[in-house]
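Take a look at the structure set out below.
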Amino acid sequence: MPTKLSQIGEFGFIDLIRKQMGSSGKRVRGIGDDTAVVPSLKNKKLLLTTDMFLEGVHFSRRTPAKAIGHKAMAANLSDIAAMGGVPKYALVAMGVSGSLKWKYLRQIYEGMNKTAKEFGVEILGGDTVQSNKIIINVSLIGEAQRHELLTRCGAKKGDQIFVTGRLGRSLQSGWHLRFKPRIEESRYLVKKFKPTSMIDISDGLAADLGHILKESKVGAVIYEDKIPRRGQASLKNALYDGEDFELIFTLSHEDAKRIKRQKKY
Ligand SMILES: [Mg+2]
């Protein structure tokens, strides 16, 4: 077995942690979905998710500060959307250096706050630590009606695969900094249809559809000419680029026929 993290890879690492941590049996979904799911008030589930953004890895000092803040919040919102949930509360932890300009930091918070407000999220608190590089960690709590909860593991043989928007070249086009998390689309889907599985695209159509297939224990055929692509995006871009933050979802044959008749489609 490989011993270095670089050989194990991100998904291998998540699998190992998942095995090591085990389960208390209380959670509905633990590691291995877009958010964790735990029981809440009657017929409701709590959704918990967290995402970390590091200077030098996810953004640089040249990235507009408001866009950094937006992305940190929006990426978490995208995971709540992927579960069919409604976002509620956030906690924000930041690592910043004393030499950082207050104006820059304020703009990061402004970007974060604006997006939080837009989606009805209240930032309840957080933490700050001293760090040479900027670190932003947003944790988001959402809620889903038990019957509206969508996971990666319900796709069935004969289902059809859909995405909420165009894919590929997110980084080159700047989409990854200004994308709108698909909360509204997700709510529409859970109210009007019965998606059998859903995930948001952070690592690319191939990898993220792969997660649905693995968790649902099914296979899939995708048609090259049916993949909606952004502008100049090639097939390779659409399959592997990632950070599209669109939703992939699966529908039964009947629901697929129905959604294709909708104006929105
Ligand atoms: Mg996700």
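Start at 1 and go down the list; that is how both ligands and their atoms are numbered.
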- Does the Arg230 side chain pair with the main chain of Arg166, one donor and one acceptor, at a distance under 3.5 Å? yes

- Parallel, tilted or perpendicular, as decided by the 30° and 60° cut-offs, for the rings of His58 and Phe53: perpendicular

- Message: Could you go through Ser139 and Asn137, starting from their C-alpha distance and side-chain angles, then the distance that decides it, and tell me whether this counts as side-chain contact (heavy atoms from CB on, under 4.5 Å)?
- Response: CA-CA 7 Å; Ser139 301; Asn137 187 81; 3.6 Å; yes

- Query: Would the number of heavy atoms belonging to other residues, nucleotides or ligands and lying under 6.0 Å from CD of Gln232 be above 12?
  - Reply: no

- Got a sec: does the CG of Asn132 have more than 12 other heavy atoms crowding it under 6.0 Å? no

- Using a distance threshold of 2.8 Å, what protein N/O/S atoms lie below it relative to the Mg ion (ligand 1)? Asp34 OD1, Asp79 OD1, Asp200 OD1

- Taking atom OH of Tyr240 as the centre, report whether more than 12 heavy atoms of other residues, nucleotides or ligands fall under 6.0 Å from it. no

